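Throughout, protein chains are lettered first and strands after them, A, B, ... in sequence-line order, and every chain is numbered starting at 1. Everything quoted here is computed from the prediction, not taken from an experiment.
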2 protein chains.
Amino acid sequence: MIVILGSTGSIGVNTLQIASRFDIKIEALVAGNNVDLLNKQIAAYKPKFVAIGSCQDRHKVDHTKVFCGEDGIIELLSLCQSQIIVNALVGYAGLRPTLESIKLGKKVALANKESLVVAGHLLDISCITPIDSEHFGLWYLLNHRPFNKLYITASGGAFRDWELDKIEKASFADALKHPTWSMGDKITIDSATMTNKLFELLEAKWLFDTNNIDAVIEKKSIVHALAEFRDGSTTAHIANVDMKLPIAFALKGEISEEILKPIDILGMGTIEFLPIKSDRYPIWQIKDHLLNNPHLGVVVNAANEEAITAFKNNHCSFFGMSDIVLKAYKYFENVQPQTIEDIVQINNEVRKYVKS
Amino acid sequence: MIVILGSTGSIGVNTLQIASRFDIKIEALVAGNNVDLLNKQIAAYKPKFVAIGSCQDRHKVDHTKVFCGEDGIIELLSLCQSQIIVNALVGYAGLRPTLESIKLGKKVALANKESLVVAGHLLDISCITPIDSEHFGLWYLLNHRPFNKLYITASGGAFRDWELDKIEKASFADALKHPTWSMGDKITIDSATMTNKLFELLEAKWLFDTNNIDAVIEKKSIVHALAEFRDGSTTAHIANVDMKLPIAFALKGEISEEILKPIDILGMGTIEFLPIKSDRYPIWQIKDHLLNNPHLGVVVNAANEEAITAFKNNHCSFFGMSDIVLKAYKYFENVQPQTIEDIVQINNEVRKYVKS
């Protein structure tokens, strides 16, 4: 039995498919504003509890136990018996449910990487299983062998092959054209700016307890992760572009049946790994500093969420988003959040700073 | 403490380096006819026993306990206390020492793949650890997970980029120009004909108890093996071209210190996997039949060893070698060796047939 936070997004929909396949019951569904899809999911999966983002939509939901808003999710969690909470909420909004789930002694199957980005140093990592292709790949490769360094790969996002001066004029819609993955808007923009990969490095830092981690571009999104072991061996995780694999492992542990069709190694053509450069991805300038000062993740995340809103509303250009984040990062570089309350306060301050 | 059979070859020399590094004593050294190098090794490693290929060379060896010939190796083995025998002899000559070592209850670190090719169905696999990059790579990747299929890679050998009609006129010296590995003559010729990879498939069949195994060309010899798991993940083993890695693991089990420098993934350029085609590698025609009839390995091996001698002596062309092997394979396809004595007899018959 599981709870799915973010059931109408891409991860949520895939999670429901995996749950059906393995006869896992759905105790509760939490969605944002896609009430039509939520109602279909309610009809199909018959959850005991439901929550929706806005209390104004409550009457549209075909269920007798509907919670709403942030507090509604927390109340819903406290009523659930499930041992696994799938957190596929988008952005900072995912943090409180992650904290609450851990407090309740649940295992969190975490697609909301922002939870780790903003508060990794305050979370009990042993309760968290990541739903992310790259971190799943690393886990699959490690097998308790001592490693030197871990690599995750990036597709390079929508503008990887654009001329730099063209990118400056790119629209929000342009940035949503991801070359290999079909995902939600926020993560797709984060892929175009490389912020998503920066977040995944932080995520990996907490999950695998190392700073020896880097990202490289692999344009086909076939190789998801590489592990460089101490003996001199390097291994790579290769799989088709589909979140069902990490989701299935997060729900079931080791799996010995087919979740995806395997890659056709003779049909996949050439593979190469390329460096991520700061001229195309300005956010990459702070990579090393951020890995050494991971408590600044809350600053990057808050500024980034506000920057995306600004870009979406035509208040800044594509590269303007990175400018916003880098400026906020510089401005707040001396903050030292020690508690969740500090995180919440800094998050608010950064957003206020960016908006002004 | 270990015994090294074939100490003056490439594997032998690397094994001595690894033994020095890990303070492993050398109980006995067995060489073919490179007496000069053997004498240097005796001075450096002070083995208790020594054996040499030809009894006529015995007096040239700087040691008081020198055995000679095939029987000499067997006698030497019976006197040794070592629990690990490294068998890096070349070709069919390696079989008897492998059998004897297993009979004596030793662990065999086996670089002599022909032992498995000719008599895999009669050997106790639990006593064997392969010294072969591809099989080491597979072992490194598997970690007890259920797999669908295993792949090993081939460089393609000396003529992989030659025009087919030029290959027909190629000399023995041409065929020794391996593009990526520096190895002994026999295995380098076997790489050019793809016989080496055919043998490694048989080796993998016995070691991993599967027929779901294939080979693909990877020209850089950086990726050595791939494992396609049941869940849909594929993993790859990537390492620099150096036998010290499989040797170190064969001698020490799991290792958590640097044996090789890791691959620079940003510097390695493009990687691709290509099919092995029978027009360039005629021996590949019998791959599936041989994997389904692995007891015919003795036929392929005997014919191949004779064919290499014929090619070396200008008695046949490069493709003539494959003709010889394929003709012998057809002629002997109904043999059913049940015992080692059958193997010995068939080996002799095939050689007589090829010579006539």
Portion of B/Phe147 that has a non-hydrogen atom of chain A nearer than 4.5 angstrom: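 No part of B/Phe147 comes within 4.5 Å of chain A.
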Pick from B/Pro146, B/Ser233, B/Gly137 with the largest number of heavy-atom pairs that fall under 4.5 Å of chain A: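 Top option by heavy-atom pairs under 4.5 Å: B/Ser233.
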Options B/Ile265, B/Ile263, B/Asn240, ranked by heavy-atom pairs under 4.5 Å with chain A, top entry: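 Looking at each of B/Ile265, B/Ile263, B/Asn240 in turn, B/Ile265 comes out on top.
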Has the side chain of [X] got a donor or acceptor atom that lies under 3.5 Å from a matching backbone atom of [Y]?
X	Y	answer
B/Lys197	B/Thr153	yes
B/Lys113	B/Glu203	no
B/Thr188	B/Gly184	yes
A/His135	A/Glu200	yes

Report all side-chain donor-acceptor pairs from residues 241-255 of chain B shorter than 3.5 Å, counting only partners two or more places apart or in another chain.
{"unit_1": "B/Asp242", "atom_1": "OD1", "unit_2": "B/Lys244", "atom_2": "N", "d": "2.9"}
{"unit_1": "B/Asp242", "atom_1": "OD2", "unit_2": "B/Lys244", "atom_2": "NZ", "d": "3.4"}
{"unit_1": "B/Lys244", "atom_1": "NZ", "unit_2": "B/Asn14", "atom_2": "OD1", "d": "3.2"}
{"unit_1": "B/Glu254", "atom_1": "OE1", "unit_2": "A/Arg145", "atom_2": "NE", "d": "3.2"}
{"unit_1": "B/Glu254", "atom_1": "OE2", "unit_2": "A/Arg145", "atom_2": "NE", "d": "3.2"}
{"unit_1": "B/Glu254", "atom_1": "OE2", "unit_2": "A/Arg145", "atom_2": "NH2", "d": "3.1"}

N-O pairing of B/Arg230 and A/Glu258 below 4.0 Å: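 Not counted as a salt bridge, because no side-chain N and carboxylate O are separated by less than 4.0 Å.
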Short N-O contact, B/Glu257 and B/Arg21, less than 4.0 angstrom: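 Looking at B/Glu257 and B/Arg21, the cut-off is met.
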Residues of residues 211-226 of chain A with any heavy atom under 4.5 Å of a heavy atom in chain B: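 Interface residues of residues 211-226 of chain A: A/Val216, A/Leu226.
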Interatomic spacing from CG in A/Leu290 to CG in A/Leu201 - rounded to 0.5 Å: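 Between A/Leu290 CG and A/Leu201 CG, I get 8.5 Å after rounding to 0.5 Å.
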Those residues of residues 273-289 of chain B, ordered by number, that approach chain A below 4.5 Å (heavy atom to heavy atom):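 At a heavy-atom separation under 4.5 Å, chain A is reached by B/Phe273, B/Leu274, B/Pro275.
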Heavy-atom pair of closest approach, residues A/Ile26 and A/Ala19: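 Closest pair (atom of A/Ile26, atom of A/Ala19, distance): CD1-CB, 3.7 Å.
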Least distance between heavy atoms, B/Ser155 atom then B/Arg160 atom: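 Result for this residue pair: O-NH1, 2.8 Å.
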Top of A/Asn148, A/Asn143, A/Leu141 for chain B proximity - count of heavy-atom pairs under 4.5 angstrom: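 Among the listed options, the one with the most contacts to chain B is A/Asn143.
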A/Phe159: ring pair (Phe, Tyr, Trp, His ring centres under 6.0 Å) partners, not counting sequence neighbours: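 By the ring pair (Phe, Tyr, Trp, His ring centres under 6.0 Å) rule, A/Phe159 matches A/Trp162, A/Phe318.
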